[in-house]
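To start, the structure itself, in structure tokens.
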Amino acid sequence: MRGVVGVLALQGDFREHKEALRRLGVEAKEVRKPEHLLGLKALIVPGGESTTIGKLAREYGLEEAVRQRVEEGSLALFGTCAGAIWMAKEILGYPEQPRLGVLDVAVERNAFGRQVESFQEEVQVKGLGPFPGVFIRAPVFRRLGEGVEVLAELGGLPVLVRQGRLLASSFHPELTEDARLHRLFLELAGV
Ligand SMILES: NC(=O)CC[C@H](N)C(=O)O
């Protein structure tokens, strides 16, 4: 067993992330309250509904607690889809949507249009190669800050980015059997 990784378990597909971690031999801890962050150095924020996750995280004091830990450099984050939206500094068209605001990007929700609700397409991930991209009402990253590195694009649009110990994807690696992105996160988090 390697270390322990937190999975924000307020709403969304946190069970699939727990399963991906289990396959890597990592213990997953559900995070629902600020005190659950104690001792953790890595947290995954799942896909789901970013407005709900944001609202609950604010209500339960997790927004403030996670922000503090990220800002002091003691917590690495991996957000997928809605999780990535929650991490962003800016959510285009939704200035009031509750968010963590630590990832220096503007995110566009449902960026592939409503007709294309969900699709699967292979993306080329820097350093990893082809990866099965499961996109469900997926966002894209726009206006990237200086410290943000693009690790994958789809149709010229960034869909996987990294900023230091923050990793964010438009797509859902937790809905595939491929655990390489979870492994990459564990490496950058030092778990
Ligand atoms: N699959 C997802 O996580 C969808 C995200 C959704 N479009 C949102 O804005 O929250």
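Start at 1 and go down the list; that is how both ligands and their atoms are numbered. FYI, side chains are in, hydrogens and waters are out, and symmetry mates aren't considered; it's all heavy atoms of this structure.
- Taking 4.5 Å as the limit, every side-chain heavy atom of Arg143 sits out of range of all side-chain heavy atoms of Glu108.
- Close approach of ligand 1 to Gly47 (heavy-atom distance below 4.0 Å) involves ligand atoms 3 (O).
- Here the side chains of Val66 and Leu77 are in contact, with some heavy-atom distance below 4.5 Å.
- No N or O atom of Thr80 sits closer than 3.5 Å to an N or O atom of ligand 1.
- Ligand-side atoms of ligand 1 in range of Asn110: 7 (N), range being under 4.0 angstrom from any heavy atom.
- Residues Arg109 and Glu49 are paired through a salt bridge, judged by an N-O separation under 4.0 Å between the basic side chain and the carboxylate.
- With rounding to the nearest 0.5 Å, the separation of CD in Gln97 from CG in Leu92 is 11.0 Å.
- Those atoms of ligand 1 with a heavy atom of His172 less than 4.0 angstrom away are 1 (N), 2 (C), 3 (O).
- Remark: His182 NE2 to Thr80 OG1 distance equals 7.0 Å, nearest 0.5 Å.
- Counting protein heavy atoms only, atom 2 (C) of ligand 1 is closest to Cys81 SG, 2.8 Å.
- With a heavy-atom cut-off of 4.0 Å, Ile53 does not touch ligand 1 at all.
- Of all protein heavy atoms, the one closest to atom 6 (C) of ligand 1 is Arg137 NH1, 3.6 Å.
- Considering each of Ser170, Ala84, Gly48, Pro139, the one bringing a non-hydrogen atom nearest atom 5 (C) of ligand 1 is Gly48.
- Within ligand 1, the atoms closer than 4.0 Å to a non-hydrogen atom of Arg109 are 8 (C), 9 (O), 10 (O), numbered from 1 in the order shown.
- Checked against a 3.5 angstrom limit, the closest N/O atoms of Ala82 and ligand 1 fall inside it.
- The shortest N or O to N or O distance between Ile136 and ligand 1 is under 3.5 Å.
- Distance check: Leu56 CG to Arg32 CZ gives 11.0 Å after rounding to the nearest 0.5 Å.
- Polar contact check, Thr51 against ligand 1: no nitrogen or oxygen pair lies under 3.5 Å apart.
- A cation-pi geometry, defined here as NZ or CZ lying under 6.0 Å from the six-membered ring centre and within 45° of its normal, does not hold between Arg180 and Phe131.
- No side-chain heavy atom of Leu157 sits less than 4.5 Å from a side-chain heavy atom of Leu154.
- Note on Arg58 versus Glu63: salt bridge recorded, some NZ/NE/NH1/NH2 to OD/OE distance being below 4.0 Å.
- Protein heavy atom in closest approach to atom 10 (O) of ligand 1: Ser50 N, 2.6 Å.
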